[in-house]
Amino acid sequence: MTESRSLIEPRTLKGFRDHLPAQALARENILDIARGVYRSYGFVPIDTPALEYLEILTGKGSDETDKQLYRFQDHGGRDVGLRFDLTVPFARFCAQHIGVLGTPFKRYHMAAVWRGENTQRGRYREFMQCDFDTIGTTSPVADLEMVLVVHDLLAAIGIEAFTIRINDRRVLSGILHECGVADRSTDVLRSLDKLGKVTPAGVAAELEAHGVSADVRTKLLGMAQLAGDPATVLAALDGLVGSSETGRTGVAALRSLLDGVQQAGVPEGRVVIDPSIARGLDYYTGIVLESFLDELPTLGSICSGGRYDNLAGLYTKQALPGVGASLGIDRLLAGLEELGRLPAKETAAELFMVHFDTAHLADYLKIAAALRGAGIPVEFYPEAKRVGQQLKVAAKKGFPAALVIGSDEFAAGTAQLKHMHSQQSVTIDWHGDVHVLVDAIHSQLQAIKAGQ
RNA sequence: GUGGCUAUAGCUCAGUUGGUUAGAGCACUAGAUUGUGAUUCUAGGGGUCGCGGGUUCGAGUCCCGUUAGCCACCCCA
């Protein structure tokens, strides 16, 4: 009974993951960028509880979300559930607090959500969403801002090849109405939405199964496959919506949105009209948006959103129209990793300071403090191990530079700054003046950064 | 939730029609080398063969179950 104690197997639940430093650093970088972009448009942060009363979450009544909901009874016998997106809690939040917040209200919310669905590449049971929404206004400016935020966000993350696909629900419902299939709109849109994954012939077969006549099938498929120059697509849509008032409004909205995008200086081709985009969620009523990595279109949308008429109708009588989108950071990270775009850094510091000689510990501590005071993050190795070993650690963790100051350097009033990538060292004369040393290191690090 | 494929060391993988004590490369630790990431050499640590049953004299290998990962459906970030 001494050594036979059985160990608990360390493991995580299906669809739930640990995040090691390399991945967690990349994730935090993106979160920082998202925070910066959201704030640059005036969005403010909020937070809500992970756990909500079950009735809040099931209110929307879709059996699909009901099936995916993590639910249980808490110790007080209350029926509760984990949030499966950030929109529903936000709706509840608005119903409770909009009185003191006032409208229009712009918030961002970055937090984990949970869905008990089957896992796949880029799809997990616990993942993070980075939502931003503007509520309490129907202004087209808010729609435009949503597109601009998504664009700025993906650009700031450093993705070079991405496409934002936009559409307007009113265009779709106008066309469906003209075609006389408005009663089957959900089924029809769901089928059309599969274009790109399923062949046009396959979609046509699905449409036929929903009782759509041959000429209407041709018309719808033609509509959904419209692509290319936005002006041409808009002209084609004009014809398709015919006399439908709703449809014409939608096309006009898309037209002015694209004008605004252009006026704001977004490069051509980044935002395109894709009439097949419908979005599964049925609360969207105006513009809808999805965005894709050009090199990995099968990954799915990494940032999606749209306009809705009434966010919180289930919880308050006050009408709250809004527009917003959500960045799926975990899917994005999975995509960037697959493309080899994630930096292999395992350190948050910029400088590795070799622990050469413990007799100089006081000097090392003084230098490290001065560097940090000057805004240079520095990691000081805790043990005076062999220099080669220490440099190996620094290289493996991806430090851009290492600072080597041994007894000789202290005696001569010098230091070696080693550029890890080129393996070259620069000698710094600092004559025992820490300010001189810090300044020199600062400019060297700038040079290294610029050189990358 | 349904169906298909997969699982051997930290990583990538060998392991024959079932047959001694399950191997390699890389990585890791220590040393050769008392001040610089390489190379070379030496030594070393590390495996309940995902887990649990079954068949068999004998299972990493065959059968069943289960867990996890990947893929398709569904839906979505």
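Chain letters run A, B, ... following the sequence lines, proteins first, then strands; residues in each count from 1. Keep in mind that the numbers below use all heavy atoms, side chains included, and drop hydrogens, waters and symmetry copies.
A gap of 16 Å separates the P atoms of B:A24 and B:A14, to the nearest Å. Across the C1' atoms, B:G60 and B:U16 are found 13 Å apart, a figure rounded to whole Å. Comparing B:A77 with B:C5, their P atoms are spaced 31 Å from each other, to the whole Å. To the nearest whole angstrom, the two C1' atoms, one in B:U6 and one in B:G50, are 12 Å apart. Between the P atoms of B:C51 and B:G47, the separation comes to 13 Å (whole Å). A distance of about 11 Å separates the C1' atoms of B:G54 and B:A59, rounded to the whole Å. On the P atoms, B:C63 is 35 Å away from B:C26, given to the nearest whole Å. Here, B:C62 and B:G3 have their P atoms 23 Å apart, quoted to the whole Å.
Atom CG of A:Leu336 and atom P of B:A77 are 18 Å apart (whole Å). Atom CG in A:Asp357 sits about 15 Å away from atom P in B:U36, given to the nearest Å. Look at CZ on A:Arg11: it is 15 Å from C1' on B:G69, rounded to the nearest Å. Atom C1' of nucleotide B:G69 and atom CZ of A:Arg125 are separated by 12 Å, given to the nearest angstrom. Regarding A:Glu126, its CD atom lies at a distance of 17 Å from the C1' atom of B:A68, rounded to whole Å. For A:Leu299 and B:C76, the CG to C1' distance is 12 Å, given to the nearest whole Å. Atom CG of A:Leu417 is separated from atom C1' of B:U36 by 13 Å (rounded to the nearest Å). In this structure, CH2 of A:Trp114 is placed 17 Å from C1' of B:C76, rounded to the nearest angstrom.
Relative to the ring axis of A:Phe90, A:Arg107 places its NZ or CZ within 45° and under 6.0 Å from the centre. The cationic group of A:Arg270 lies under 6.0 Å from the six-membered ring centre of A:Phe162 and within 45° of the ring axis, placing it in a cation-pi geometry. Figure legend: cation-pi geometry between A:Arg115 and A:Phe127 absent, as NZ or CZ is not positioned both under 6.0 Å from the six-membered ring centre and within 45° of its axis.
The base of B:G37 is paired with the side chain of A:Lys418 by a donor and an acceptor separated by under 3.5 Å. For A:Glu409 against B:G35, a side-chain N or O and a base N or O form a donor-acceptor pair under 3.5 Å. Judged by atom type and distance alone, A:Gln423 does not reach the base of B:U36 through any side-chain donor-acceptor pair under 3.5 Å. For a distance-only test at 3.5 Å, the side chain of A:Arg115 fails to qualify as a donor-acceptor partner of the base of B:C75. A donor and an acceptor atom sit less than 3.5 Å apart, one in the side chain of A:Arg331 and one in the base of B:C76.
A pairwise comparison of heavy atoms in A:Leu311 and A:Cys94 identifies CD2-SG, 4.0 Å as the closest pair. When all heavy atoms are compared, the tightest approach of A:Ile33 to A:Ala156 is CG2-CB, 3.5 Å.
In summary, the aromatic rings of A:Tyr108 and A:Tyr38 are positioned with their centroids under 6.0 Å apart.
Closest approach to the A:Tyr124 side chain among B:A77, B:C74, B:U36 is made by B:A77 (side chain taken as heavy atoms from C-beta onward). Listed candidates were B:A72, B:G35, B:C76. Nearest to the side chain of A:Arg123 is B:C76.
Mapping A:Glu206 and A:Val387 onto RNA chain B via the closest heavy atom, the residue that lands nearer the 5' end is A:Val387. Heavy-atom distances to RNA chain B give each of A:Ala394 and A:Asn118 a nearest nucleotide, and the one nearer the 5′ end belongs to A:Asn118.
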- 5'-to-3' dot-bracket of RNA chain B (Watson-Crick, G-U; under 3.5 angstrom; crossing pairs as [ ]; | other strand): (((((((..((((.....[...)))).(((((.......))))).....(((((..]....))))))))))))....
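Within the nucleic acid shown, A:Gly388 comes within 4.0 Å of sugar-phosphate atoms alone, with no base atom in reach, counting heavy atoms only. In this structure, A:Gln129 reaches the sugar-phosphate backbone alone: every heavy-atom distance under 4.0 Å involves primed, P, OP1 or OP2 atoms, never a base. Using a 4.0 Å heavy-atom cutoff across all strands shown, A:Met128 reaches no nucleic acid atom at all. When heavy atoms are screened at a 4.0 angstrom cut-off, A:Cys130 is found touching no nucleic acid atom at all. A:Ser407 comes within contact range of at least one nucleobase, with a heavy-atom separation under 4.0 Å. Nucleic acid contact for A:Gln389: sugar-phosphate only, since backbone atoms but no base atoms lie under 4.0 Å from a heavy atom of the residue. Residue-level contact check: A:Gly15 touches the backbone only, with heavy atoms under 4.0 Å from sugar-phosphate atoms and none from bases.
In this structure, A:Lys392 does not reach the B:U36 phosphate: none of its side-chain N or O atoms is under 4.0 Å from OP1 or OP2. A sub-4.0 Å separation between OP1 or OP2 of B:C28 and a side-chain N or O of A:Lys396 is absent. Phosphate proximity of B:G31 to A:Arg386: present, with a side-chain N or O under 4.0 Å from OP1 or OP2. Of the side-chain N and O atoms in A:Arg121, one or more sit less than 4.0 angstrom from OP1 or OP2 of B:C71.
A donor-acceptor pair is defined here as one N or O able to donate and one able to accept, closer than 3.5 Å; such a pair exists between the side chain of A:Asp85 and the backbone of A:Val88.
Under the rule for a ring pair (Phe, Tyr, Trp, His ring centres under 6.0 Å), the partners of A:Phe410 that lie at least two apart in sequence or sit in another chain are A:His360, A:Tyr364. Listed by chain and number, the residues in a salt bridge (charged side-chain N to carboxylate O under 4.0 Å, His left out) with A:Arg121 are A:Glu338 (sequence neighbours excluded).
With salt bridges taken as basic N to acidic carboxylate O contacts below 4.0 Å, none links A:Asp330 and A:Arg123.
By the 5.5 angstrom centroid cut-off and the 30-degree plane limit, A:Phe356 is classified as not stacked against the base of B:G35.
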